[in-house]
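Since the structure comes first, as structure tokens, the remarks are kept for the end.
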Number of protein chains: 2
Amino acid sequence: MATTIEAEARSREPLTKERILRAAVALADEDGVDSLSMRRIAQELGVVPMALYKHVASKDEMLDGMVDVVVGVIDAPLEDADWRTTIRERVLSARRALLRHPWASRLIESRTAPTPTVIGYMDSMIGILLRGGFSIDLTHHAMHAMGSRLLGFSQELFDDTPDDPPEIQAIARQQMAEAYPNISEMVAAIRHDDETVVGLGCDDQFEFEFALDLMLDGLERLREREGGAE
Amino acid sequence: MATTIEAEARSREPLTKERILRAAVALADEDGVDSLSMRRIAQELGVVPMALYKHVASKDEMLDGMVDVVVGVIDAPLEDADWRTTIRERVLSARRALLRHPWASRLIESRTAPTPTVIGYMDSMIGILLRGGFSIDLTHHAMHAMGSRLLGFSQELFDDTPDDPPEIQAIARQQMAEAYPNISEMVAAIRHDDETVVGLGCDDQFEFEFALDLMLDGLERLREREGGAE
DNA sequence: ACCTGAACACCGTTCAAGT
DNA sequence: ACCTGAACACCGTTCAAGT
């Protein structure tokens with residue numbers, strides 16, 4: 001019975017958790033995390049579905065592994081900078097890691113328990129705040145306030161990239177103007193700033209950094225006040 | 001053929017989208033949103049699965065309907081208060097609505113497109129900021145910065161309520177102290193404040209309001225600066 | 001002892017057959 | 001014309017039968 005060259009090449013390399021994760025990440029990059037199934041990954045690897053279960057206990061464990069792959073490439077914290085710069089640069093590094101995989105933030109949100117890698121990242125961030133002069137209590141509040149922003153994403157409620165044709169978008173804008181006057185006014189103002197825009201026209205990176213700095217400014221103010229009161 | 005009394009009582013009331021949504025919300029409250037299937041809802045209503053599709057086009061439309069049920073009970077904005085109080089009270093009202101349904105925030109996050117009800121809510125919030133003296137640009141940034149906090153939730157990365165028995169928790173704490181020294185220190189400090197605590201011991205409502213106020217304070221400062229510069 | 005095909009207990013949704 | 005049972009094309013995972 002002739003096996004294909006590809007299947008032979010595939011089976012030469014032994015199946016490992018790492019190979020499974022690499023295939024899963026590639027598949028999610030291509031088709032989205034929703035169309036990720038154990039059966040499809042197995043097929044992609046030229047392997048029977050049950051073979052995966054030798055290396056991952058369940059689909060959940062595999063999804064956690066995918067999160068770790070993404071979080072694992074975040075830069076180590078700066079060594080000789082103040083807390084604000086250290087946190088800021090690391091958050092932006094986390095953001096770059098996440099942006100490489102459009103499904104990543106959604107996957108992290110959907111997991112009910114954080115992985116050891118994510119907990120370790122958070123532990124390191126707490127250390128930066130404590131060494132930066134935050135009290136334990138303020139550090140605690142800061143971690144809650146920052147939330148997923150520490151991992152480089154914020155929960156966007158509006159999807160920015162509708163793929164409707166222009167004429168449909170024009171009709172939609174007309175109807176929106178009546179039903180949602182304030183949103184329409186805002187969107188019109190944004191578009192006015194940049195005519196080449198698609199979708200709602202928000203600069204996600206700018207908005208992320210704006211919110212991040214707003215948060216960091218607020219925390220710095222509380223830290224200074226705390227130091228003064230002690 | 002004898003139908004049960006319950007089935008008869010059920011079938012007397014005609015099937016409507018509202019009845020389906022009520023059943024779906026009740027089922028999600030009880031068993032979580034993950035175990036929500038069209039087939040189970042149909043069963044609960046004493047109806048054949050396909051009967052649901054006369055009233056909802058798809059499962060996605062039904063999930064959107066569930067979001068609308070929750071968002072629909074958020075209080076209208078105050079009439080005669082300043083922007084900060086108006087936003088703050090409404091966000092806290094949204095939070096009360098969400099807390100009644102543990103699955104709601106996760107469901108809202110997971111939807112890719114917001115429902116008209118959610119868009120309408122956001123439109124109204126934008127209006128409050130604009131009338132409160134925010135420029136269009138600052139309003140836009142503020143909406144992004146607030147994100148899902150406007151709907152009363154923040155993305156918690158740590159689940160606060162582990163249901164392990166105390167002895168397991170003690171072992172876990174021991175191991176955590178070694179692997180995650182900063183988290184352990186923080187958790188110990190929080191526990192010290194309140195001995196009666198379960199889980200990590202975070203006061204979610206306090207943390208939410210802390211972050212909300214941090215955000216609102218920052219925005220108020222930017223608004224004042226903007227007014228001064230014009 | 002290891003591997004894996006078939007099977008189990010589900011999904012959301014289509015569609016044709018029955019009334 | 002309406003309603004619905006069976007079927008389709010999937011799932012994640014169990015388990016027993018085969019090597």
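Letters A, B, ... mirror the listed sequences (proteins, then strands); counts begin at 1.
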When rounded to whole Å, the NZ to P distance for the pair A:Lys54 and D:dC15 reads 14 Å

Calculate the interatomic distance between B:Arg39 atom CZ and D:dC10 atom P; express it in whole Å.
15 Å

Specify the closest pair of heavy atoms between B:Tyr53 and B:Ser58, including all atoms of both residues, with the distance to one decimal.
CE2-CA, 4.1 Å

Counting side-chain heavy atoms from C-beta on, which of C:dC15, D:dT13, C:dG12 comes nearest to A:Met50?
D:dT13

Provide, to the nearest angstrom, the distance between the NE2 atom belonging to A:His55 and the P atom belonging to C:dT4.
11 Å

Between D:dG18 and C:dC8, how far is it from one P atom to the other, in whole Å?
16 Å

Which whole-number value in Å describes the distance from A:Arg40 CZ to D:dT13 P?
18 Å

Distance, rounded to the nearest Å, where A:Lys59 contributes NZ and D:dC10 contributes P:
14 Å

Between B:Pro49 and the options B:Gln43, B:Arg39, B:Arg40, the side-chain contact (heavy atoms from CB on, under 4.5 Å) test singles out B:Arg39

Value in whole Å for how far the P atom of D:dC11 lies from CG of A:Asp60:
16 Å

Could you tell me the Watson-Crick or G-U partner of D:dA7, where both distances fall under 3.5 Å? Say none if there is no partner.
C:dT13

Sole candidate of A:Arg96, A:Arg95, A:Arg90 that passes salt bridge (Lys or Arg N to Asp or Glu O under 4.0 Å) when paired with A:Asp75:
A:Arg96

For B:Leu15, which contact category applies under a 4.0 Å heavy-atom criterion: base, sugar-phosphate, or nothing?
nothing

Would you kindly give the CG-to-P distance between A:Asp34 and C:dC11, to the nearest whole Å?
18 Å

Return the value, rounded to whole Å, for the distance between atom CG of B:Leu36 and atom C1' of D:dC11.
17 Å

Counting only Watson-Crick pairs (N1-N3 plus N6-O4 or O6-N4) and G-U wobbles (N1-O2, O6-N3), all under 3.5 Å, who is the partner of D:dG18?
C:dC2

Provide the closest heavy-atom pair for A:Arg106 versus B:Glu109 in the form atom of the first, atom of the second, distance.
NH1-O, 3.2 Å

